[in-house]
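Step one of this worksheet: look at the structure below.
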2 protein chains.
Amino acid sequence: MISLPAALDARMQRESQLTFFEYMVLSVLSEQEDRTMQMSALAVRTSASLSRLSHVVGRLETRGLLTRSRIPGAGRRTNTTLTEAGYDVVVAAAPGHVAAVREYLIDPLETRDLKALQRIGSAVQAAINGGPVRQAAAEE
Amino acid sequence: MISLPAALDARMQRESQLTFFEYMVLSVLSEQEDRTMQMSALAVRTSASLSRLSHVVGRLETRGLLTRSRIPGAGRRTNTTLTEAGYDVVVAAAPGHVAAVREYLIDPLETRDLKALQRIGSAVQAAINGGPVRQAAAEE
DNA sequence: GGGTAGAAATTGACGCGTCAAGTTCATCTT
DNA sequence: AAGATGAACTTGACGCGTCAATTTCTACCC
């Protein structure tokens with residue numbers, strides 16, 4: 001469980017010069033039909049802090065993979081849009097990424113264990129989120 | 001799968017001022033009956049690079065949790081030994097660590113999924129290690 | 001026995017994530 | 001309408017991990 005994310009990350013970086021997280025950012029953007037999303041929304045979708053996202057987006061911007069633009073008349077809101085180059089990069093990286101997940105996770109498992117893994121994922125996620133908050137009630 | 005290690009790490013750090021990896025290092029040392037181990041051996045046991053280990057051990061040493069000493073007449077070999085303070089720290093941290101793993105992983109799962117998780121762990125580990133090396137033969 | 005190989009560990013530079021602080025707006029209050 | 005509040009980002013400093021280079025020994029070779 002500890003080595004899997006590390007292995008995926010290492011491989012992505014070798015093959016596409018993209019962090020797993022950078023890939024997520026680009027990938028989420030590429031799924032929007034105008035390839036645009038507001039920073040906060042992007043942060044939620046990638047479950048990252050705004051700070052982390054800002055740093056990463058800054059780097060991706062200097063690499064020419066996306067651009068930022070303030071939304072006028074709406075506080076400090078900022079939109080980030082995937083550039084053509086960025087779209088090409090994510091399209092090029094996707095097959096490798098999918099292959100990696102397949103090879104390291106999906107293929108070695110029997111279907112019964114794959115199903116179990118889904119249940120495990122949900123349960124663990126619930127425990128982590130529920131733990132500190134105790135389902136938003138009856139806590140002191 | 002991605003959030004679990006992060007969650008465990010964050011919690012350990014809050015509760016014991018110890019990284020998961022730092023805890024591993026101290027814990028492995030505490031299991032040796034003389035609380036001593038050679039750097040390279042420790043690196044293998046914690047599956048870390050010698051470089052990473054050296055950095056971490058350096059910090060733990062300045063925190064007074066362990067000490068380093070060259071083994072004379074044996075190349076550049078170095079032993080690291082847990083200090084009394086280090087032992088106390090790991091003993092104090094252990095229950096919290098175990099509790100966290102229980103709470104986030106073990107307790108939310110049914111026994112059937114727990115068993116599946118073991119199989120999954122082995123299979124994934126094998127895929128990761130086998131992938132780049134192709135079981136140490138017939139590769140180019 | 002001087003020289004090379006190579007094992008064991010350390011070091012420095014660099015990139016990324018986090019945390020706390022700072023900006024820049026819009027909005028609400030009175 | 002001036003001032004406070006708060007939302008949405010950004011920035012800087014700091015710690016950790018990685019990679020490449022370096023150091024420090026032993027051992028082998030001829």
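So that the names make sense, note that chain A is the first sequence line, chain B the second, and so on, each numbered from 1. Because the structure is predicted, anything quoted here is derived from the model rather than measured.
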Please confirm whether the backbone N or O of B:Ser51 pairs with a side-chain atom of B:Ser54, one donor and one acceptor, at under 3.5 Å?
no
Whole-Å gap separating [atom2] ([N]) and [atom1] ([X]):
X	N	atom1	atom2	value
A:Asp9	C:dG17	CG	P	9 Å
A:Arg76	C:dG22	CZ	P	14 Å
A:Gln38	D:dA8	CD	C1'	8 Å
B:Phe20	D:dC16	CZ	C1'	16 Å

Contact list for DNA chain D against residues 47-60 of chain A - heavy-atom distance below 4.0 Å
A:Leu50, A:Ser51, A:Ser54, A:His55
May I ask you to list the residues of residues 61-70 of chain B, by number, that have any heavy atom positioned under 4.0 Å from an atom of DNA chain D?
B:Arg70
Show every donor-acceptor pair shorter than 3.5 Å between a side-chain atom in residues 105-113 of chain A and any protein atom, with sequence neighbours excluded, or say none if there are none.
from     : atom 1 : to       : atom 2 : distance (Å)
A:Glu110 : OE1    : A:Arg112 : NE     : 3.3
A:Glu110 : OE1    : A:Arg112 : NH2    : 3.4
A:Asp113 : OD1    : B:Arg119 : NE     : 3.2
A:Asp113 : OD1    : B:Arg119 : NH2    : 2.6
A:Asp113 : OD2    : B:Arg119 : NE     : 3.0

Is there a side chain to side chain contact (heavy atoms under 4.5 Å, CB included) between A:Arg35 and A:Glu84 once you walk through the steps?
CA-CA 10 Å; A:Arg35 295 179 193 170; A:Glu84 210 54 46; 3.7 Å; yes
Show the numbers, then the answer: is there a side chain to side chain contact (heavy atoms under 4.5 Å, CB included) between A:Arg76 and A:Arg70?
CA-CA 7 Å; A:Arg76 241 203 141 177; A:Arg70 292 285 283 275; 3.5 Å; yes
Determine, step by step, whether B:Arg63 and B:Leu18 satisfy the side chain to side chain contact (heavy atoms under 4.5 Å, CB included) criterion, reporting the C-alpha distance in whole Å, the side-chain angles of both residues, the deciding distance to 0.1 Å, and the verdict.
CA-CA 11 Å; B:Arg63 283 164 70 179; B:Leu18 280 183; 3.9 Å; yes
So B:Glu22 and B:Gln13, side chain to side chain contact (heavy atoms under 4.5 Å, CB included) or not? Walk me through it.
CA-CA 10 Å; B:Glu22 291 173 338; B:Gln13 205 143 8; 5.8 Å; no
